[in-house]
Amino acid sequence: QVQLVESGGGSVQPGGSLRLSCAASGRTFSSGSMAWFRQAPGKQREFVAAINWRSGGRSYYADAVKGRFTVSGGAAKNTIDLQMKSLKPEDTAVYYCAADASIILSSLRQAEQYDYWGLGTQVTVSS
């Protein structure tokens, strides 16, 4: 059974930093992707960042976080971290880790294409 477990959420002031981590147990994703999505109250779940190991570990970002967030993956291809800097109040959300063993690049930003999900970790950016 595959499980994804997130850690590292919390509260921070605007301009601060947080690092999220996600570890998968039960399988690796060497031909697929691991990703981060987020969902703010009253909004749809949205893509944040992903690593696609099928394309050699290339990373992908949503425009809203490009230049502020950095995604990295572990060598075993079953972990993914998200370093978040220059956080803004609009980054406040529950952040979810997702993984899929065979997702194609054109579907990387679509939540419904991922087979495995973590329970989420809260990130709150507020003064």
For Ser33 and Asp100, test the side chains for any donor-to-acceptor distance below 3.5 angstrom and give the result as yes or no. no
Ring pair (Phe, Tyr, Trp, His ring centres under 6.0 Å) filter on Phe29, not counting sequence neighbours, yields Tyr116
Looking at Arg109 and Tyr61, would you say the former's side chain and the latter's main chain have a donor-acceptor pair under 3.5 Å? yes
Side chain to side chain contact (heavy atoms under 4.5 Å, CB included) test vs Leu20 passes for just one of Ile80, Thr121, Val71, Val48, namely Thr121
Rounded to the nearest 0.5 Å, the OG atom of Ser25 sits from the CD atom of Gln3 at a distance of 5.0 Å
**OP:** Decide yes or no for Tyr114 and Leu4: does some side-chain heavy atom of the first lie under 4.5 Å from some side-chain heavy atom of the second?
**Re:** no
Hey, does Thr28 have a side-chain heavy atom less than 4.5 Å from the side chain of Trp53? no
For Thr124 and Gln122, does a side-chain donor sit closer than 3.5 Å to a side-chain acceptor?
yes
Scanning both residues in full, the closest heavy-atom pair of Gln83 with Ser17 reads NE2-CB, 4.1 Å
Distance col, row Ser30:OG vs Lys77:NZ, nearest 0.5 angstrom, shows 6.5 Å
Legend entry - Arg38 to Tyr96, cation-pi by 6.0 Å centre distance and 45° axis angle: no
Derivation and outcome, side chain to side chain contact (heavy atoms under 4.5 Å, CB included), residues Arg19 and Asp81: CA-CA 7 Å; Arg19 186 178 185 91; Asp81 290 348; 3.2 Å; yes
Go through the steps to decide whether Tyr60 and Ser55 satisfy the test side chain to side chain contact (heavy atoms under 4.5 Å, CB included), and finish with yes or no.
-> CA-CA 11 Å; Tyr60 300 82; Ser55 64; 3.7 Å; yes
- Message: Is there a path of hydrophobic side-chain contacts, each under 4.5 Å between heavy atoms of I/L/V/M/F/W/Y residues, joining Leu18 to Val94?
- Response: no
Rounding to 0.5 Å, atoms OH (Tyr95) and CE (Met84) come to a distance of 5.5 Å
Between Glu6 and Cys97, the two heavy atoms sitting closest are OE2-N, 2.9 Å
*asked:* Are Leu82 and Val5 connected into the same hydrophobic cluster when the rule is that any two of I, L, V, M, F, W, Y join if their side-chain heavy atoms are below 4.5 Å apart?
replied: no
dist Ser72:OG -> Met34:CE (nearest 0.5 Å) comes out at 11.0 Å
Hits for ring pair (Phe, Tyr, Trp, His ring centres under 6.0 Å) against Trp117, two or more places apart or cross-chain, chain-then-number order -> Phe37
In terms of heavy-atom contacts, Arg54 and Ile103 come closest through NE-O, 4.2 Å
Could you tell me whether Glu90 atom CD has more than 12 heavy atoms of other residues or ligands within 6.0 Å of it? yes
| said: Side chains of Arg58 and Ile51, heavy atoms from C-beta outward: is any pair under 4.5 Å? | reply: no
Review point. Is atom CD of Gln1 surrounded by more than 12 heavy atoms (other residues, nucleotides or ligands) closer than 6.0 Å?
Key: no
Discussion item. Does Leu119, at its CG atom, have more than 12 non-hydrogen atoms belonging to other residues, nucleotides or ligands within less than 6.0 Å?
Written reply: no
The reported gap from CG in Asp91 to OG in Ser126 (rounded to nearest 0.5 angstrom) is 12.5 Å
query = Taking C-beta and beyond as the side chain, do Pro89 and Pro14 meet within less than 4.5 Å on heavy atoms?
reply = yes
Rounded to the nearest 0.5 Å, the OG atom of Ser59 sits from the CG atom of Leu108 at a distance of 10.5 Å
Tell me if a side-chain donor or acceptor on Thr79 pairs with a main-chain N or O of Gly74 at a distance below 3.5 Å.
yes
| message | Please evaluate residues Lys66 and Asp63 with respect to the criterion salt bridge (Lys or Arg N to Asp or Glu O under 4.0 Å), reporting the C-alpha separation (whole Å), side-chain torsions for both, the decisive distance (0.1 Å), and the verdict. | response | CA-CA 5 Å; Lys66 203 171 293 184; Asp63 288 344; 3.3 Å; yes
